[in-house]
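First the structure, in the form of structure tokens, and then the observations on it.
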Amino acid sequence: MVKFFNDRIKKLNFWDVALIKWGSAAAGLVVFKAIKLIWGWDVFTVSIWWLVVICLVLIIKPVAKTFGCCKKREGSKEQVEQKTE
């Protein structure tokens with residue numbers, strides 16, 4: 001399992017890592033906002049749903065790339081056929 005994730009992480013580029021960082025920051029704000037809502041404090045006026053949407057939008061591309069949902073084809077159709085022969 002560790003080898004699987006090590007191979008997948010090597011496919012991430014700078015922008016994917018940046019999206020993960022900003023998505024994690026948004027997720028942290030969601031947790032912060034949820035705790036403040038439970039305790040009844042209203043520290044900042046941003047809706048929790050906006051933060052959830054921002055978090056999901058930011059992390060969708062790196063997650064799809066990590067788990068192979070958007071695989072690119074290697075080469076042209078002829079090159080793929082030559083590799084299989």
Side-chain angles (χ1 to χ4, degrees):
M1 189 164 153
V2 174
K3 184 179 181 325
F4 170 78
F5 283 112
N6 282 338
D7 292 340
R8 297 299 175 137
I9 288 173
K10 290 177 185 175
K11 294 180 181 180
L12 298 177
N13 59 19
F14 170 78
W15 296 110
D16 294 328
V17 174
L19 288 172
I20 291 170
K21 287 193 283 189
W22 284 104
S24 298
L29 287 174
V30 168
V31 170
F32 177 74
K33 181 73 173 180
I35 290 172
K36 298 301 178 184
L37 286 174
I38 291 171
W39 287 344
W41 299 346
D42 194 20
V43 177
F44 58 98
T45 59
V46 177
S47 173
I48 193 168
W49 298 112
W50 282 107
L51 295 173
V52 169
V53 168
I54 289 170
C55 178
L56 292 175
V57 166
L58 288 174
I59 65 169
I60 198 163
K61 180 184 180 275
V63 168
K65 195 171 187 181
T66 301
F67 291 108
C69 299
C70 55
K71 291 182 180 178
K72 291 183 180 178
R73 296 185 72 180
E74 296 180 13
S76 66
K77 192 173 188 178
E78 293 82 22
Q79 290 174 344
V80 172
E81 289 174 359
Q82 289 175 355
K83 286 182 182 179
T84 58
E85 293 177 352

Shortest non-hydrogen separation from Ala26 to Leu51 and the atoms involved: CB-O, 4.2 Å

Of all the heavy-atom pairs spanning Val30 and Ile48, show the shortest one and how long it is. O-CD1, 3.8 Å

When you group the ILVMFWY residues by side-chain heavy-atom contacts below 4.5 Å and let the links chain together, are Trp49 and Leu56 in the same group? yes

What residues form a salt bridge (Lys or Arg N to Asp or Glu O under 4.0 Å) with Lys3, not counting sequence neighbours? Asp7

Can you give me every donor-acceptor pair (side chain of residues 16-24, partner residue at least two apart or in another chain, under 3.5 Å) with its distance?
unit_1: Asp16; atom_1: OD1; unit_2: Lys61; atom_2: NZ; d: 2.6
unit_1: Asp16; atom_1: OD2; unit_2: Asn13; atom_2: N; d: 3.3
unit_1: Asp16; atom_1: OD2; unit_2: Lys65; atom_2: NZ; d: 2.9
unit_1: Ser24; atom_1: OG; unit_2: Ile20; atom_2: O; d: 2.9

